[in-house]
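For reference, the structure is listed below as structure tokens.
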Amino acid sequence: MIKGMSATRDTAQAADLLTWYDRHARELPWRVSPAARAAGVRPDPYRVWMSEIMLQQTTVAAVKSYFEAFTTRWPTVSDLAAAEDADVMAAWAGLGYYARARNLLKCARAVADEHGGVFPQTLEGLRALPGVGPYTAAAVAAIAFDLPETVVDGNVERVMARLHDEHMPLPQSKPVLTGYAAALTSQGRPGDYAQAVMDLGATICTPRNPACGLCPWRTACAAWDRGTQAELPKKAPKKRKPTRHGIAYLVKRVDGAWLLERRPDSGLLGGMLGWPGSDWSEEAPADAPPIRAEWKTLNAEARHTFTHFHLRLTVKTALVPMERRPERGEFVEAEVFDAGDLPTVMRKAFALTTG
DNA sequence: GATTCGTGGTC
DNA sequence: TGACCAAGAAT
């Protein structure tokens, strides 16, 4: 009866974590507390989905203000589905990974148009939505609908690697870690369990200096037994980032309007507003101004690091008369222009012009 | 399976 | 300063 004993042990272990979660759950704007959940309060699937999209590769601290802004401005999935693309992209500006914002809108419109404004309540139905992958589908299924699905994010990978002293490096070990996680998933309180495992990873079983003395799973933890927790999970070595160079053209019209360009939907910063500019490559960029003007080159360059390269951006500025027509981009009136609508690298270039 | 795709905080 | 890291998905 190895199988039965194993299942019994895992159930008790899940219960230990849930007991810890009942006392130590983080209070988050999108979360229904375990006490409220026990009293029958159900999470709003729209808010759960929104939070999960925003939290992809993004810290809780960074997400909070965006979550409040989005859910205040667009309280329901139907409200969001009816929003203008430009408004959603501007509201997302600064949060990064802009494909998420494009898919957020696609998904809201799919739910509104193809599902009657109601999120699908199966793993497969959720997984079919734009921007919803294996993790997010499981998270929404578990948290919003209390389905016994297994969430595997970076936290869970780390917790499982330590719990089982798994030294195989990620991402190779992912299927193994997923199997460990699935064996532990609570059948009784799936939503709370999913959030509990991630809270454990975020507050106790942290990447550096894990607080093993406070961990409800310490006695079950193979890494704790062997003292290997600090070196887990192992990860494949990363490539170093090359440095690319580019030019940004910041053009102000005499009435205060700024020349901006909407970037193509695919690729880096896709769908976002930005300054007209050169390509960004490792070779020196060719000068290709978007409008005829007297150019001044700023002394300082805007430096920014993306996921896979460093960027050094030369900033050129010009002041042009009302009647001058650009070859690229469109002027945005001074009253409408808001640097906060731009991605961070474009804000950095703008900041150089204002001191 | 490997790449692409942001940003801000931290050590 | 620079590398690492954070509730991944799409291609």
Side-chain angles (χ1 to χ4, degrees), chain A residues 26 28-31 47-67 89 92-104 106-107 126-144 149-159 169-175 178 181 191 193-203 205-210 230 233-244 263-272 274 280 303-311 342-348:
Chain A
R26 288 178 292 173
L28 301 169
W30 46 85
R31 173 173 288 178
R47 292 167 65 85
V48 173
W49 163 76
M50 176 79 73
S51 69
E52 291 301 341
I53 301 297
M54 288 184 168
L55 286 163
Q56 289 168 7
Q57 297 289 288
T58 308
T59 59
V60 166
V63 164
K64 279 182 177 173
S65 65
Y66 285 85
F67 178 83
M89 299 312 289
W92 196 277
L95 196 56
Y97 283 147
Y98 298 99
R100 293 185 297 173
R102 301 193 301 272
N103 284 328
L104 189 81
K106 279 188 199 167
C107 182
L126 291 163
R127 179 67 184 79
L129 295 169
V132 177
Y135 163 77
T136 304
V140 174
I143 297 169
E149 304 294 350
T150 302
V151 298
V152 184
D153 71 333
N155 288 306
V156 177
E157 289 173 353
R158 184 171 59 256
V159 169
L170 284 163
Q172 188 189 351
S173 60
K174 172 116 183 179
T178 298
Y193 177 81
Q195 295 175 92
V197 160
M198 293 190 284
D199 271 24
L200 187 72
T203 65
C205 196
T206 50
R208 289 176 301 235
N209 303 318
K234 304 251 186 227
K235 294 191 177 179
K238 305 185 176 172
K239 290 191 294 190
R240 63 172 287 279
K241 301 181 202 298
T243 298
R244 298 187 188 175
R263 300 173 64 88
D265 256 354
S266 62
L268 192 66
L269 308 179
M272 297 299 290
W280 298 341
R303 291 193 180 199
H304 191 73
T305 298
F306 293 97
T307 310
H308 53 293
F309 65 94
H310 303 288
L311 178 66
L342 307 179
T344 298
V345 62
M346 302 296 175
R347 295 182 197 177
K348 285 184 180 177

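Quick note: numbers below take in every heavy atom, side chains included, and nothing from hydrogens, waters or symmetry partners.
Counting any heavy atom pair closer than 4.0 Å across all strands shown, A:Thr305 reaches a base atom. Within the 4.0 angstrom heavy-atom criterion, base atoms lie near A:Trp30. Base contact: A:Leu28 has a heavy atom under 4.0 Å from a base atom. Among the heavy atoms of the strands lying under 4.0 Å from A:Leu95 is at least one base atom, whether or not backbone atoms are also near. As judged by a 4.0 angstrom heavy-atom cut-off over every strand, A:Gly267 is placed among residues touching the sugar-phosphate backbone only. Within the 4.0 angstrom heavy-atom criterion, only backbone atoms of the sugar-phosphate kind lie near A:Thr344; the bases stay farther away. Across all strands, A:Pro171 comes closer than 4.0 Å to no nucleic acid atom at all (heavy-atom distances). Nucleic acid contact class of A:Val132 (heavy atoms, under 4.0 Å, all strands): sugar-phosphate only. Here A:Gly270 lies out of heavy-atom contact (under 4.0 Å) with every strand.
Spacing between B:dG9 and C:dA9 at atom C1', rounded to whole Å, works out to 24 Å. Atom C1' of B:dG6 sits at a distance of 13 Å from the matching atom of C:dC5, rounded to the whole Å. Between B:dG1 and C:dT11, the two C1' atoms lie 12 Å apart (nearest whole Å). B:dG8 and C:dT1 have their C1' atoms separated by 16 Å, with the value rounded to a whole Å. Rounded to whole Å, the separation between the P atoms of B:dT3 and C:dC4 comes to 16 Å.
Counting to the nearest Å, the C1' atom of C:dA10 and the CG atom of A:Asp265 are 14 Å from each other. The distance between atom CG of A:Leu269 and atom P of B:dT4, rounded to the nearest whole Å, is 15 Å. Following rounding to the nearest Å, A:Arg100 (CZ) and C:dA7 (P) show an atom-to-atom distance of 13 Å. Between A:Trp280 atom CH2 and B:dC5 atom C1' the separation is 12 Å, expressed in whole Å. A:Met54 places its CE atom 16 Å from the C1' atom of B:dG8, with the value rounded to the nearest Å. If you take CZ of A:Arg127 and P of C:dG8, they are 15 Å apart, rounded to a whole angstrom. Note: OH (A:Tyr98) to C1' (B:dT7) measures 7 Å, nearest angstrom. Straight-line distance from the NZ atom of A:Lys64 to the C1' atom of C:dA7: 14 Å, rounded to whole Å.
Not counting sequence neighbours, the partners of A:Arg303 by the salt bridge (Lys or Arg N to Asp or Glu O under 4.0 Å) test are A:Glu301. In this structure A:Pro237 satisfies the side chain to side chain contact (heavy atoms under 4.5 Å, CB included) test with no other residue, sequence neighbours excluded. A:Glu157 pairs by the salt bridge (Lys or Arg N to Asp or Glu O under 4.0 Å) definition with A:Lys174, not counting sequence neighbours. Qualifying salt bridge (Lys or Arg N to Asp or Glu O under 4.0 Å) partners for A:Arg127, counting only residues two or more places apart in sequence or in other chains: none.
The base of C:dG8 does not come close enough to the side chain of A:Thr136 for any donor and acceptor atom to sit less than 3.5 Å apart. Checked by distance alone, A:Arg26 brings a side-chain donor or acceptor within 3.5 Å of a matching partner on the base of C:dA7.
Applying the 4.0 Å criterion to OP1 and OP2 of C:dA6, one finds that A:Tyr97 has every side-chain N and O outside that range. The phosphate of B:dG8 has neither OP1 nor OP2 within less than 4.0 Å of any side-chain N or O from A:Thr58. Phosphate proximity of C:dA6 to A:Gln57: absent, as no side-chain N or O sits under 4.0 Å from OP1 or OP2.
Once rounded to the nearest 0.5 Å, the distance linking CG of A:Leu170 with CZ of A:Arg158 reads 10.5 Å. Interatomic distance, A:Leu126 CG to A:Glu52 CD, rounded to the nearest 0.5 Å: 11.5 Å. Distance CZ/A:Phe67 to CE/A:Met50: 7.0 Å, rounded to 0.5 Å.
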Which donor-acceptor pairs under 3.5 Å do side chains of residues 58-66 of chain A form with protein atoms, sequence neighbours excluded?
residue, atom, partner, partner atom, Å
A:Thr58, OG1, A:Met54, O, 3.4
A:Thr58, OG1, A:Gln56, O, 2.8
A:Thr58, OG1, A:Arg100, NH1, 3.0
A:Thr58, OG1, A:Arg100, NH2, 3.4
A:Thr59, OG1, A:Ala62, N, 3.3
A:Tyr66, OH, A:Ala93, O, 2.8

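For A:Pro343, the listed nucleotide lying nearest its side chain is B:dT7; candidates were C:dG8, B:dT7, C:dA10. Checked against C:dA6, C:dA9, C:dA7, the side chain of A:Gln56 finds its nearest nucleotide in C:dA9. Of all nucleotides listed (C:dA7, B:dG6, C:dA9), C:dA7 comes nearest to the side chain of A:Val60. For A:Thr59, the listed nucleotide lying nearest its side chain is C:dA6; candidates were B:dC5, C:dA6, C:dA7. Side-chain proximity of A:Asn103 to B:dG6, C:dA10, C:dA7: nearest is C:dA10. Nearest to the side-chain atoms of A:His304 among the listed nucleotides C:dG8, B:dT7, C:dA7 stands B:dT7.
Residue-to-nucleotide proximity on DNA chain B shows that, of A:Phe306 and A:Asn209, the 5′-proximal contact is made by A:Phe306.
Summarising the geometry of A:Met89 relative to A:Ala101, their closest heavy-atom pair is SD-CB, 3.8 Å, with the distance given to 0.1 Å.
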Could you run down the sub-3.5 Å N/O contacts of the protein with nucleotides 2-5 of chain C?
residue, atom, partner, partner atom, Å
C:dC5, OP2, A:Lys238, NZ, 3.2

Report task. Start with the C-alpha gap between A:His308 and A:Phe306, add the side-chain angles, then the distance that decides, and say whether ring-ring contact (aromatic ring centres under 6.0 Å, His included) holds. Result -> CA-CA 6 Å; A:His308 53 293; A:Phe306 293 97; 7.7 Å; no
